[in-house]
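Worksheet: the structure to be examined is printed underneath.
Values reported hereafter were calculated over all heavy atoms of this structure, with side chains retained and with hydrogens, waters and symmetry mates removed.
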Amino acid sequence: MTTDTPRLSETVTPNPNKILNLTGTIWFVVATAGQWLFGLYIVLFYGKSTIMGNFEQWNKALPRGYVPGDWKGNVAIGTHVLLAAVMVLGGPLQLMPQVRNRFCNFHRWLGRTYVVTAMVVSTAGVWMIWTRGAVGDTFMHLSNSIQAIYIVLFALFCIRSARKRQLSMHRIWALRLFMVANGVWFFRIGLLCWLVLNGGPVGFDPKTFTGPFLTILSLFSYAVPLPLIVLELYLYAQRKQVKALSLAVGTLIAFCTVLMVIGIIGAAMGLWLPRL
């Protein structure tokens, strides 16, 4: 479900059903646009406030993002945000076959940077949640912590398969890592999609940021990541080459893409652009 999708035959068998590859490609294009828009927001919002010395602005996006006097924690937060920007901007590039095939050295170094960054950001995120506080309840915090375990494990599998020159498995692990490493992004997009479709907060309390909807959303964004499940269905359909299965999975991906478009537009109009 990336631009690897038209060429996922490099890792599995050729796919006679064009709709599966087409929906996967469209999904990746939309996800890339949304991630780069989010990355641009991170650079402009945090970069501008940092350059101007207005660190209190961080708290508009992160609870206790900046704490006066806590320079170690503030540096950790700033580093976390910077590395997050590297991930959302560099992640899609790493999965593009055009980049991988034409710029091999760049692909290798970007890949090394991505996996290390993913592990650092995920572990730092867990530290932030349990030491500096975060919105949501304990279930959400536990789900985030489980996500960090996925990220570290998948990153290690990515590294191991690359070192053993198991390129097919390496690309599949890279896809899996991409899905779990962007759990926070999927959570935000899912939340904004829900708000847009319902015209406001339904199923949760926006003041305490708790409620059944957020419990379900955090579960399927972090602990049992739905994007990873859809990816596995995609890979399974690629292997089986059953037309009905390919059509069903392609339809599911198309549906997810529509929801993602709604969420990206909602996040851009409701969160990212107003803060710049």
Measuring only between side-chain heavy atoms, which start at C-beta, is [X] closer than 4.5 Å to [Y]?
{"X": "Val230", "Y": "Tyr234", "answer": "no"}
{"X": "Met179", "Y": "Leu175", "answer": "no"}
{"X": "Phe186", "Y": "Leu226", "answer": "no"}
{"X": "Trp194", "Y": "Ile262", "answer": "no"}
{"X": "Thr32", "Y": "Met96", "answer": "yes"}
{"X": "Leu93", "Y": "Trp36", "answer": "yes"}
{"X": "Lys164", "Y": "Met169", "answer": "no"}
{"X": "Arg176", "Y": "Glu232", "answer": "yes"}

Do [X] and [Y] sit in the same hydrophobic cluster, where Ile, Leu, Val, Met, Phe, Trp and Tyr count as joined when their side-chain heavy atoms come under 4.5 Å apart?
{"X": "Phe213", "Y": "Leu195", "value": "yes"}
{"X": "Ile264", "Y": "Leu197", "value": "no"}
{"X": "Ile172", "Y": "Tyr236", "value": "yes"}
{"X": "Val261", "Y": "Phe255", "value": "no"}
{"X": "Val120", "Y": "Val115", "value": "yes"}

If you measure from [atom1] on [X] to [atom2] on [Y], what distance do you get to the nearest 0.5 Å?
{"X": "Gln94", "Y": "Arg108", "atom1": "CD", "atom2": "CZ", "result": "11.0 Å"}
{"X": "Thr257", "Y": "Leu252", "atom1": "OG1", "atom2": "CG", "result": "9.0 Å"}
{"X": "Ile151", "Y": "Thr117", "atom1": "CD1", "atom2": "OG1", "result": "11.5 Å"}
{"X": "Tyr114", "Y": "Cys158", "atom1": "OH", "atom2": "SG", "result": "9.0 Å"}
{"X": "Leu228", "Y": "Phe154", "atom1": "CG", "atom2": "CZ", "result": "5.0 Å"}
{"X": "His107", "Y": "Asn101", "atom1": "NE2", "atom2": "CG", "result": "8.5 Å"}

Among Trp185, Phe187, Tyr150, ring pair (Phe, Tyr, Trp, His ring centres under 6.0 Å) partner for Tyr222: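 Considering Trp185, Phe187, Tyr150, a ring pair (Phe, Tyr, Trp, His ring centres under 6.0 Å) with Tyr222 is found only for Phe187.
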For [X] and [Y], work out which heavy atoms get closest and say how close.
{"X": "Ala85", "Y": "Ile42", "value": "CB-CG2, 3.8 Å"}
{"X": "Leu37", "Y": "Ala268", "value": "CD2-CB, 3.6 Å"}
{"X": "Ser218", "Y": "Ser143", "value": "O-CB, 3.8 Å"}
{"X": "Leu20", "Y": "Ser246", "value": "CD1-O, 3.8 Å"}
{"X": "Phe209", "Y": "Leu191", "value": "CZ-CD2, 3.7 Å"}
{"X": "Met260", "Y": "Ala31", "value": "CE-N, 3.7 Å"}

Under the side-chain contact (heavy atoms from CB on, under 4.5 Å) test, residues paired with Asp137 that sit two or more places apart: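 Listed in chain order: Phe139, Met140, Thr210, Thr215.
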Report the residues that fulfil side-chain contact (heavy atoms from CB on, under 4.5 Å) with Val152, sequence neighbours left out, ordered by chain and then residue number. Met119, Ser122, Thr123, Leu156
Aromatic plane relationship, Phe178 with Trp27 - under 30° parallel, 30 to 60° tilted, over 60° perpendicular: perpendicular
Evaluate the criterion side chain to side chain contact (heavy atoms under 4.5 Å, CB included) for residue pair Val121 and Val86; output intermediate values, then yes/no. CA-CA 10 Å; Val121 168; Val86 172; over 6 Å; no
Got a sec: does the CZ of Arg112 have more than 12 other heavy atoms crowding it under 6.0 Å? yes
Main-chain N/O of Ala181 paired to Gln147 side chain as donor or acceptor, under 3.5 Å: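 The answer is no, because no donor-acceptor pair under 3.5 Å joins these two groups.
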